[in-house]
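All values below were derived from every heavy atom in this structure, side-chain atoms included, with hydrogens, water molecules and symmetry-related copies excluded.
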Amino acid sequence: MPGHRIVIVGGGSAGISVAARLRRAGERDVAVVDPAVTHYYQPLWTLVGGGRAPVEQSARPQASVMPQGVTWIRKGAVSVDPDARSVELDDGSSVEYEYLVMCPGIQLDWAKVTGLSDALGRDGVSSNYEYQLAPATWKFIRELRKGTAVFTMPGGPIKCAGAPQKIAYLAADHWREQGVLRDIDVHLVLPTPGMFGVPEFAKVLEGVVARYGIQVHFQSEMTSVNAGAKEITVVDHAAGDTTSTLSYDVLHAVPPQSAPDWVKKSALADPNNPAGYVEIDKHTLQHTRYPDVFALGDAGSSPNSKTGAAIRKQAPVVARNLRDVMAGRTPSASYGGYASCPLTTSRHHMLLAEFDYTMTPTPSIPGIDTIKERRDMWLLKRYGLPAMYWNAMLRGLA
C-alpha cells in the first residue's frame, strides 16, 4: 500500500475533526485509517438510555462525515512501528507515513468485571456505552416499578466520566414522575471520594442525589456480576478493600477502559501507565519521544477528562502544531486541558460542568451561570450539541 504524508489512525470525532482541519488548511495528502461503516455521536446514548432520544439519531454513514479529498483506508490498525514510520493493518498490509496522528479511541474492557459480558442486555443488565444496549437500558428502567437499581462506575479514566451518574438521575427522575421512586432503592457506586472532581459542581450533585434519595458508595467498584442471583460484588477501597454484595433488579454497568491492546504493546505507549495511552506532552499533544507523532482524544495520555468537548479543543491544537512541525517550526499552539461534562440531572435540566487542568470552572457561555441546573442547558445537550457536532466540529469549523 502506498504511503502518505499524514496518516490519521481512527475515524471517530478526533480523527475526522483533525482531517477536516488539515484539509481546510491546504494539506493534500491526508489518509484516515478506520474500518467502521457507521459513525456514532456517542454522547446521545445517555439520552437514549434515559428515554429522551431515539438511538437512530446517533448514527450516520461513515462515508457521509469523511472530509472530501481524504484517502479513506477502510481497514483496522493492528500495530505501529514509529521507527519504521509504518502502521500495520488487519489484512496484513501496511501503510507508511511521514507524520502520524493517533486517535484510535478507547477500549471497553468488559471482561475485567467477572460475569458482566454474559449478563449484558438481559434480566435488567445494560450499559449506555454500546449502541445496541442503550435502548435496553430504557426498557429496563421503564419496566421497573419497585425493587433495587444499581448504577456503577469503574476506576481509572473512562470516556465521558459523567455518564455513569447521568443515567442514574434520568432514571430516578422518570421513577419520580411515575410516582414509584419511593418504592425503588437506588444505588450509585463510584470509585471517587466525592461526587465530582471540581468542588463547585460536586456541591450541586450532592443536592441532586439527596433529592432523589440515592445511596452513594464512594471509593467503591463493582468487581463481578452474578446474573443468576441478580447481585454484584463491590469492593470498598476506603475500608481496606473489603467486599460486599449488592442485589439489583436493574443494573447499569460501565466497564473499565484502557487504550486498545495493540496501542499498549507499541513503542508509542506511555511505559509508566499500565492503561497504555499514547505518551504525549499534555499541552502540545506531540509525542514525547517521536516528534513526528501526535495524539488526541481518548487514546492520548494527557490528563484531561475524556470527552468530546476536550477533542473539540484538542483538534485545532494538533492541526496547528502538526503543520508547525512539518514546516520546521516549534509547535505554537497549547491545549489547557479544557473539558466539558454536560450532566443531565433530570429529564429536563442539565448542569454544564466546564473545567481545565486546574480543575476550576471555566465557563464558555457569557452571561449564563452554568454552576446550577438549567433548562436551557438541557436544550443545548439535546439539540444544540448534536447539531454543532455533525455540522461544525466534524467539518473542522468548531
Side-chain angles (χ1 to χ4, degrees), residues 12-14 16-17 20 38-62 64-65 67 128-139 141-142 159-174 176-177 201 204-205 208 252 297 305-316 338-355 361-398:
S13 57
I16 296 298
S17 298
T38 305
H39 189 100
Y40 297 105
Y41 176 66
Q42 297 182 29
L44 200 67
W45 294 348
T46 289
L47 298 185
V48 173
R52 300 295 281 145
V55 71
E56 294 80 12
Q57 287 187 6
S58 71
R60 292 189 183 181
Q62 181 78 325
S64 71
V65 301
N128 292 339
Y129 276 70
E130 291 279 5
Y131 176 86
Q132 296 85 355
L133 291 172
T137 303
W138 174 232
K139 176 179 182 291
I141 289 171
R142 193 174 64 246
K159 58 182 174 180
C160 194
Q165 292 190 45
K166 289 187 274 190
I167 187 58
Y169 307 145
L170 287 169
D173 197 38
H174 168 73
R176 180 195 60 79
E177 288 181 349
F201 302 123
V204 178
L205 295 175
V208 173
H252 180 270
S305 184
K306 296 182 183 297
T307 68
I311 291 171
R312 186 169 65 85
K313 295 294 187 179
Q314 290 175 340
Y338 174 87
S340 170
C341 191
L343 291 153
T344 49
T345 56
S346 80
R347 302 177 72 74
H348 307 281
H349 293 85
M350 188 184 83
L351 172 67
L352 182 60
E354 297 176 284
F355 49 95
T362 56
S364 64
I365 305 175
I368 291 182
D369 179 9
T370 54
I371 308 181
K372 69 176 186 178
E373 303 170 71
R374 300 180 63 101
R375 169 67 174 170
D376 52 6
M377 292 298 99
W378 163 265
L379 296 173
L380 175 71
K381 165 72 174 175
R382 176 62 183 90
Y383 301 105
L385 294 179
M388 182 179 69
Y389 181 80
W390 294 115
N391 300 317
M393 181 174 164
L394 294 185
R395 297 180 180 179
L397 298 172

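- One distance of note links CD1 of Ile16 with CG of Leu394; it measures 7.0 Å at 0.5 Å rounding.
- One finds the CE atom of Met388 at 11.5 Å from the CG atom of Leu397 (value rounded to the nearest 0.5 Å).
- With Arg382 contributing its side chain and Arg52 its backbone, the two residues share a donor-acceptor pair below 3.5 Å.
- To the nearest 0.5 Å, the span separating CG on Leu205 from NZ on Lys166 amounts to 11.0 Å.
- Under a 3.5 Å cut-off, the side chain of Glu354 and the backbone N or O of Ala339 do not form any donor-acceptor pair.
- The one candidate from Glu373, Gln165, Arg374 that meets the side chain to side chain donor-acceptor pair (under 3.5 Å) condition with Thr345 is Glu373.
- When each of Leu352, Leu44, Leu343, Thr344 is tested with Lys381 by the rule side chain to side chain contact (heavy atoms under 4.5 Å, CB included), just one qualifies, namely Thr344.
- A side-chain donor from one of Ser58 and Trp45 sits under 3.5 Å from a side-chain acceptor of the other.
- Listed for the Asp173 side chain is no donor-acceptor partner under 3.5 Å among the backbone atoms of Tyr169.
- Annotation: the span from Gln42 atom CD to Asn128 atom CG amounts to 11.5 Å, rounded to 0.5 Å.
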**Item:** Audit row: Arg395, Trp390, side chain to side chain contact (heavy atoms under 4.5 Å, CB included) steps and yes/no
**Value:** CA-CA 8 Å; Arg395 297 180 180 179; Trp390 294 115; over 6 Å; no

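- Of the possible polar contacts, none joining the Ser17 side chain to the Ala14 backbone as a donor-acceptor pair under 3.5 Å is found.
- Looking only at distances, no side-chain donor or acceptor of His252 sits under 3.5 Å from a matching main-chain atom of Ala168.
- For the pair Thr137 and Val48, the minimum side-chain heavy-atom distance is 4.5 Å or more.
- Of the inter-residue distances, the one linking Ser346 atom OG with Leu351 atom CG reads 11.0 Å to the nearest 0.5 angstrom.
- Partners of Phe355 under the ring pair (Phe, Tyr, Trp, His ring centres under 6.0 Å) rule, at least two apart in sequence or in another chain, are Phe196.
- Not counting sequence neighbours, the partners of Glu177 by the side-chain hydrogen bond (donor to acceptor under 3.5 Å, both in side chains) test are His348.
- Under the 4.5 Å side-chain criterion, counting only non-hydrogen atoms from C-beta, Leu47 is in contact with Trp378.
- Side chain of Tyr40 to backbone of Arg60: no donor-acceptor contact under 3.5 angstrom is found.
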